[in-house]
2 protein chains.
Amino acid sequence: MRNVDRATLGGNLRIDQVLESATRLFTEKGYEAASVRDLAAELEIRPSSLYHHFPGKQHILFAICMRMQTDFNAEVIPELLANRPPDEAIASAVRRHVLFGQRRKGEVVVNIRERRSLPAEQLAQVNGLRREYRDTLARVIDAGCRQGSFRVGDPKLAAMAIVDMINGLPHWFKPRDEQDLERVADLYAHAALALLRGWETDPVS
Amino acid sequence: MRNVDRATLGGNLRIDQVLESATRLFTEKGYEAASVRDLAAELEIRPSSLYHHFPGKQHILFAICMRMQTDFNAEVIPELLANRPPDEAIASAVRRHVLFGQRRKGEVVVNIRERRSLPAEQLAQVNGLRREYRDTLARVIDAGCRQGSFRVGDPKLAAMAIVDMINGLPHWFKPRDEQDLERVADLYAHAALALLRGWETDPVS
DNA sequence: TATTGTCGATCGAACGATCGTTAGGGAAAG
DNA sequence: CTTTCCCTAACGATCGTTCGATCGACAATA
């Protein structure tokens with residue numbers, strides 16, 4: 001019956017399907033409110049079958065958060081570490097951050113809103129990756145200050161402010177089309193630079 | 001036994017106690033994960049007694065969100081409507097927004113992260129109050145643009161970006177003392193103005 | 001080619017725990 | 001004698017999870 005699907009698409013397709021359906025469910029109803037039975041129903045299998053692929057509900061949430069954050073770091077951090085002026089690095093990273101947040105909107109929202117339901121140890125792993133990104137961003141901001149492009153007294157605070165601003169986007173922004181998305185990504189890159197350049201500059205009136 | 005408490009502190013003290021404990025519980029464990037029994041235990045009463053004060057669990061969440069957002073609007077929106085230059089209005093509102101977010105941190109975090117668990121009608125009420133604030137903010141930004149202080153092409157987008165930035169604070173910022181809090185409030189006010197003034201200005205190099 | 005054995009994936013059925021909520025009664029206060 | 005507040009007890013529903021059997025695909029063997 002399903003041999004066609006399985007033979008065609010390979011082995012761990014089911015795991016991806018589970019993560020995809022779980023992401024949608026967790027986004028819509030929240031992790032705690034979404035039941036294993038809901039998830040099984042979406043996949044058209046019985047609840048017990050899920051435990052063949054995952055040892056428990058929490059591990060599904062963990063897999064979603066961890067995979068998302070790993071991919072994110074792999075995609076955005078290199079933009080910050082590339083050898084170029086800090087403002088170009090920031091603008092490029094912010095752009096990628098915004099685009100990632102839309103391309104993987106479901107996982108991003110789940111990671112932001114639901115990861116606190118993880119047990120302490122798994123939560124610490126995810127938070128470690130997040131801190132890695134923030135610290136890298138703060139370091140580039142600091143470099144930009146010493147070089148004179150930016151004027152912020154507290155690079156870590158500035159990094160958090162920018163990250164919070166960008167991470168808010170996936171919660172409400174629905175781009176009309178690809179062009180609209182590019183526009184906002186560029187706009188946010190400009191916004192971040194405006195922030196960093198003018199933060200502690202007195203208004204020139 | 002409890003007549004002393006009741007006589008001393010008045011009638012609807014219990015309701016405030018419920019909301020306070022519920023806020024703490026919802027913040028720590030999330031609305032869905034926090035059970036009515038947990039809440040009753042914190043208040044040292046039996047679960048059934050809670051239903052004397054509230055018709056159900058959802059109404060407690062609704063009361064928290066609604067009260068918080070009502071108080072917020074009453075405290076911050078007037079700063080935007082006061083008769084003065086847009087940049088002063090924005091700076092003052094952002095300051096108040098930051099301070100409110102710390103003073104009522106628990107309720108703010110619950111409102112942000114848990115209100116989606118509300119039934120559609122109650123959710124719409126809370127969202128209506130939020131939109132009222134955002135629209136007012138956007139209108140002041142627009143005024144600042146026409147007056148020449150700000151340079152943003154999309155006032156609503158700018159308002160969302162600023163609100164997201166400020167609303168991120170209560171999730172992680174732990175001020176050392178009152179002075180530290182004031183410092184960050186002022187810093188964020190400056191940040192908002194830097195954003196609005198430089199958003200679409202080309203870097204002056 | 002026909003038969004057997006292995007193994008991953010799924011199933012039905014059920015476990016104990018916990019969920020939000022209700023019914024009905026009792027004690028204290030005005 | 002009513003009202004307010006809290007109690008004990010329990011309801012049915014749903015939760016995450018476990019257990020053992022079954023099904024189909026495939027490789028090895030006769």
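Order of the sequence lines fixes the chain letters, A, B, ..., with proteins taken first and strands second; residue numbering starts at 1 for each chain. Given the structure is predicted, the values throughout are model-derived calculations rather than measurements.
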TODO: Ignoring hydrogens and angles, tell me if any N or O in the side chain of A:R84 forms a donor-acceptor pair with the backbone of A:E79 under 3.5 Å.
DONE: yes

Open item on the list: Can you confirm whether B:K105 is buried at NZ, in the sense that more than 12 heavy atoms of other residues, nucleotides or ligands lie under 6.0 Å from that atom?
Closed with: yes

TODO: Tell me whether the OP1 or OP2 atom of C:dT10 has a side-chain N or O from A:R46 closer than 4.0 Å.
DONE: no

- [ ] Check every atom of C:dG20, C:dA14, D:dC6 against the side chain of B:R14 and return the nucleotide holding the closest atom.
- [x] D:dC6

Open item on the list: Can you measure A:D38 atom CG to D:dG16 atom C1' for me and round it to whole angstrom units?
Closed with: 12 Å

TODO: Rounded off to whole Å, could you give me the CD-to-P distance for the B:E44 and D:dC7 pair?
DONE: 10 Å

Open item on the list: Nearest whole Å is fine: how far is C:dT18 C1' from B:R37 CZ?
Closed with: 7 Å

Open item on the list: Does either side chain, that of A:R130 or that of A:N73, offer a donor lying less than 3.5 Å from an acceptor on the other one?
Closed with: no

- [ ] Check the distance between D:dC7's C1' and B:L43's CG and give it to me in whole angstrom.
- [x] 15 Å

Open item on the list: Does B:S49 reach a base, just sugar-phosphate, or nothing at all? Heavy atoms under 4.0 Å.
Closed with: base

Open item on the list: How about CZ on B:R151, more than 12 heavy atoms from neighbouring residues, nucleotides or ligands closer than 6.0 Å, or not?
Closed with: no

Open item on the list: Determine whether a donor-acceptor pair (one donor, one acceptor, N or O, separation below 3.5 Å) exists between the side chain of B:S48 and the base of C:dT21.
Closed with: no

Task: Heavy-atom donor-acceptor pair, A:E200 side chain to A:G153 backbone, under 3.5 Å - done: yes

Task: Closest nucleotide among C:dT22, D:dG16, D:dC6 to the A:V36 side chain - done: D:dG16

Open item on the list: Give the residues of residues 52-62 of chain B touching DNA chain C, defined as any heavy atom closer than 4.0 Å, sorted by residue number.
Closed with: B:G56, B:K57

TODO: Return the value, rounded to whole Å, for the distance between atom OH of B:Y51 and atom P of C:dC19.
DONE: 11 Å

Open item on the list: Regarding B:A34, tell me which of base, sugar-phosphate or nothing describes its non-hydrogen contacts under 4.0 Å with the strands shown.
Closed with: sugar-phosphate

TODO: Spell out, as yes or no, whether a donor-acceptor pair under 3.5 Å connects the side chain of B:D38 to the backbone of B:S35.
DONE: yes

Open item on the list: I need the full list of ring pair (Phe, Tyr, Trp, His ring centres under 6.0 Å) pairs touching residues 103-139 of chain B, with sequence neighbours left out, sorted by first then second residue.
Closed with: B:F72-B:Y133, B:H97-B:Y133

TODO: Measure from OH on A:Y31 to P on D:dC15 and round the result to the nearest Å.
DONE: 13 Å

- [ ] Rounded to the nearest angstrom, tell me the gap between atom NZ in B:K29 and atom P in C:dC19.
- [x] 8 Å

